[in-house]
2 protein chains.
Amino acid sequence: MSKNHDPRDETSGKGAALGDQAYAVLKEKLLRGSFRPGEKLTVRKIAQEFGLSSTPARDALNRLAIQHALVYAGPKTVVVPNLTLSQLREVTEMRLALEGLAAEKGAAKASPEILFQLEEAQNRINSALDKHAYTDALWANKEFHFLLYGCSNMPILISTIEQLWLRIGATLHHLYPDFAISRSGVTNHRAAMEGLQNGEPAEVRAAIEADIRDGYRQLRRAISEQ
Amino acid sequence: MSKNHDPRDETSGKGAALGDQAYAVLKEKLLRGSFRPGEKLTVRKIAQEFGLSSTPARDALNRLAIQHALVYAGPKTVVVPNLTLSQLREVTEMRLALEGLAAEKGAAKASPEILFQLEEAQNRINSALDKHAYTDALWANKEFHFLLYGCSNMPILISTIEQLWLRIGATLHHLYPDFAISRSGVTNHRAAMEGLQNGEPAEVRAAIEADIRDGYRQLRRAISEQ
DNA sequence: CGCAATTTTTTGTTGCATCAAAATTGAAAA
DNA sequence: TTTTCAATTTTGATGCAACAAAAAATTGCG
């Protein structure tokens with residue numbers, strides 16, 4: 001048993017196990033879209049890359065494969081997933097349901113100081129966008145969303161949402177580097193913050209849903225062109 | 001890598017790996033609530049029970065732990081989870097969102113012959129209820145739900161829902177044997193089938209949501225008393 | 001008798017060698 | 001040139017022993 005030795009945190013992986021670090025690094029790379037979809041990952045390569053024996057390396061890959069952050073292309077080949085259009089559509093519908101819920105609950109329970117943190121995340125998104133640092137923009141975007149969701153006090157919901165992001169993650173690769181990220185998200189985020197300030201959870205939910213839909217259109221385009 | 005060697009099926013575990021059988025058996029026992037919540041599972045016990053070495057046994061436990069079908073009670077102790085009330089509430093809200101979606105989409109895409117299969121599952125539920133065979137009733141109930149959800153053609157959604165059921169599963173143990181299962185589910189299922197027959201997906205969704213809420217009340221009672 | 005410290009046992013993790021199966025490569029045939 | 005098939009290499013799975021850490025049992029003290 002490795003991973004989650006800390007029952008309080010659904011996401012962490014605080015436990016001391018060796019393969020945990022490999023898991024964490026791989027997961028973040030996936031989330032950031034740093035992998036080329038279709039790229040093949042092997043136990044021995046990971047083991048060597050992280051200076052581990054095969055057992056913990058295999059564990060790390062297994063964990064990602066179970067969550068479908070990696071998928072099987074053959075009986076003995078795990079690759080970075082490349083979402084089909086129909087899969088993207090499916091994940092988007094699930095995101096609307098789940099993140100809509102998280103946004104609404106989060107908005108209902110949020111404490112006032114969260115607004116400052118959201119503002120700060122938004123600033124980071126904007127400045128990254130200005131610098132055309134899309135990777136950073138996407139990362140700050142993730143923080144914005146999960147900052148809001150985190151207010152919901154629903155750890156199971158949040159970890160499920162994170163798994164959906166993980167599934168999409170690799171596909172983000174197709175957005176680089178030629179593809180600029182539209183600023184439509186900015187408007188949605190601002191609407192969410194306004195709704196939050198005025199104590200209108202339903203409004204926040206609507207804004208987040210609009211944001212997800214906008215993102216969907218962008219990814220759909222990227223997938224189609226690729 | 002073990003598990004899902006078949007990319008077409010999100011749930012199966014068709015691959016030939018040795019630990020897969022252990023995983024499947026454990027998973028079904030969890031889903032059926034055959035485990036006593038809090039029960040401690042160890043790698044060596046599982047290995048011996050299934051006649052395996054520790055590696056595949058550990059894999060099986062790991063897979064379940066990652067999905068939170070088992071949870072950590074300490075750094076070196078995985079136990080069968082015992083949902084708290086707040087966790088049950090959270091899972092229920094997620095189920096409403098996700099299974100509501102699956103029910104509606106499934107109803108929209110269902111072919112006519114599904115009605116017969118649902119009818120058949122319902123009959124099995126009824127006769128199991130008559131015989132006070134609660135385990136069987138719950139199992140047939142699961143089949144009823146997933147038969148409907150399966151029509152949605154949304155494999156990611158379905159596997160996510162299954163994970164939620166897995167999380168609840170062990171808690172069902174508290175329903176045995178003193179606790180009869182109310183027949184309220186029968187009404188909801190019949191309403192779902194009627195809605196399906198009349199081509200009213202929204203009605204089907206409402207029926208399933210009602211069913212989930214009824215089940216929630218029952219479990220809540222079981223948890224409180226225990 | 002209860003509680004804390006300590007010893008003993010149990011347990012998960014890791015490294016590694018081995019094996020069968022799959023993926024890849026290359027050669028031969030069409 | 002393309003395709004098929006066989007040889008070769010790579011790869012994941014498994015068993016097992018050793019180790020450190022945690023859990024359980026036991027002892028000793030108040």
Side-chain angles (χ1 to χ4, degrees), chain A residues 1-8 12-26 35-82, chain B residues 1-8 12-26 35-36 38-81:
Chain A
M1 232 98 309
S2 37
K3 65 256 56 130
N4 226 344
H5 290 186
D6 188 346
R8 288 157 297 170
S12 77
K14 277 280 290 302
L18 244 194
D20 288 357
Q21 191 205 347
Y23 170 77
V25 172
L26 256 18
F35 279 119
R36 171 178 51 80
E39 188 171 343
K40 185 176 160 187
L41 296 184
T42 68
V43 171
R44 284 172 174 83
K45 291 248 187 62
I46 300 296
Q48 188 171 10
E49 185 176 336
F50 288 88
L52 305 167
S53 82
S54 69
T55 311
R58 194 169 72 95
D59 274 5
L61 287 185
N62 265 336
R63 283 164 75 180
L64 291 167
I66 290 167
Q67 305 179 282
H68 304 279
L70 297 176
V71 301
Y72 290 90
K76 285 205 181 180
T77 18
V78 277
V79 301
V80 177
N82 203 1
Chain B
M1 233 96 311
S2 38
K3 62 254 59 119
N4 229 343
H5 290 187
D6 188 348
R8 288 157 297 172
S12 78
K14 276 280 289 303
L18 244 192
D20 288 357
Q21 192 204 347
Y23 170 77
V25 172
L26 255 18
F35 278 118
R36 172 179 49 81
E39 189 170 343
K40 184 176 160 188
L41 297 184
T42 69
V43 171
R44 285 171 173 84
K45 291 250 187 61
I46 301 296
Q48 187 171 12
E49 185 175 336
F50 288 89
L52 305 168
S53 82
S54 69
T55 311
R58 192 170 73 98
D59 274 6
L61 286 185
N62 265 336
R63 282 164 75 180
L64 291 167
I66 290 167
Q67 305 179 282
H68 303 279
L70 298 176
V71 301
Y72 289 90
K76 286 204 182 182
T77 20
V78 278
V79 301
V80 177

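Chain naming here is simple, since letters A, B, ... match the order of the sequence lines and numbering starts at 1 in each. Just so we're clear, the structure is a prediction, and the values are computed from it rather than from any experiment.
Here the C1' atom of nucleotide C:dT9 and the CZ atom of B:R44 are 11 Å apart, to the nearest Å. Rounded to a whole Å, the OH atom of A:Y72 is 18 Å from the P atom of C:dA21. Rounded to an integer number of Å, the gap from B:R58 CZ to C:dT11 P is 15 Å. The distance between atom CD1 of B:I46 and atom P of D:dT14, rounded to the nearest whole Å, is 16 Å. Counting to the nearest Å, the P atom of C:dG12 and the CG atom of B:L64 are 14 Å from each other. For the pair B:N62 CG and D:dT14 P, the interatomic distance rounds to 14 Å; values are reported in whole Å. Atom CG in B:D59 sits roughly 11 Å away from atom C1' in D:dG12 (whole-Å rounding). Atom CG of B:L18 is separated from atom C1' of C:dT18 by 15 Å (rounded to the nearest Å).
Side chain of A:T42, nearest nucleotide from D:dT14, D:dG12, C:dT14: D:dG12. When distances are taken from the side chain of A:V43 to each of D:dA23, C:dG12, D:dG12, the shortest belongs to D:dG12.
The side chain of A:K40 places an N or O atom within less than 4.0 Å of a non-bridging phosphate oxygen (OP1 or OP2) of C:dT24.
At the heavy-atom level, A:L41 lies under 4.0 Å from the strands shown only through sugar-phosphate atoms. Residue contacts shown for B:T55 include a base, since a base heavy atom lies under 4.0 Å away.
Taking the nucleotide of DNA chain C with the nearest heavy atom to each of A:P56 and B:K45, the more 5' of the two is matched to B:K45. For the pair B:T77 and B:S54, nearest-nucleotide mapping onto DNA chain D gives the more 5' position to B:S54.
Residue A:Q21 qualifies as open at atom CD: its count of foreign heavy atoms under 6.0 Å is 12 or below. Heavy-atom contacts from other residues, nucleotides or ligands closer than 6.0 Å to CD of B:E39 number more than 12.
Each of B:L52, B:D59, B:T55 was evaluated against B:L18; a single residue qualifies, B:L52, per the side chain to side chain contact (heavy atoms under 4.5 Å, CB included) test.
The base of D:dA21 lies close enough to the side chain of B:K76 for a donor and an acceptor atom to sit less than 3.5 Å apart.
With contacts defined as side-chain heavy-atom distances shorter than 4.5 Å, the pair A:V25/A:E49 does not qualify.
Nearest heavy atoms, A:A69 versus A:P81: O-CD, 3.1 Å.
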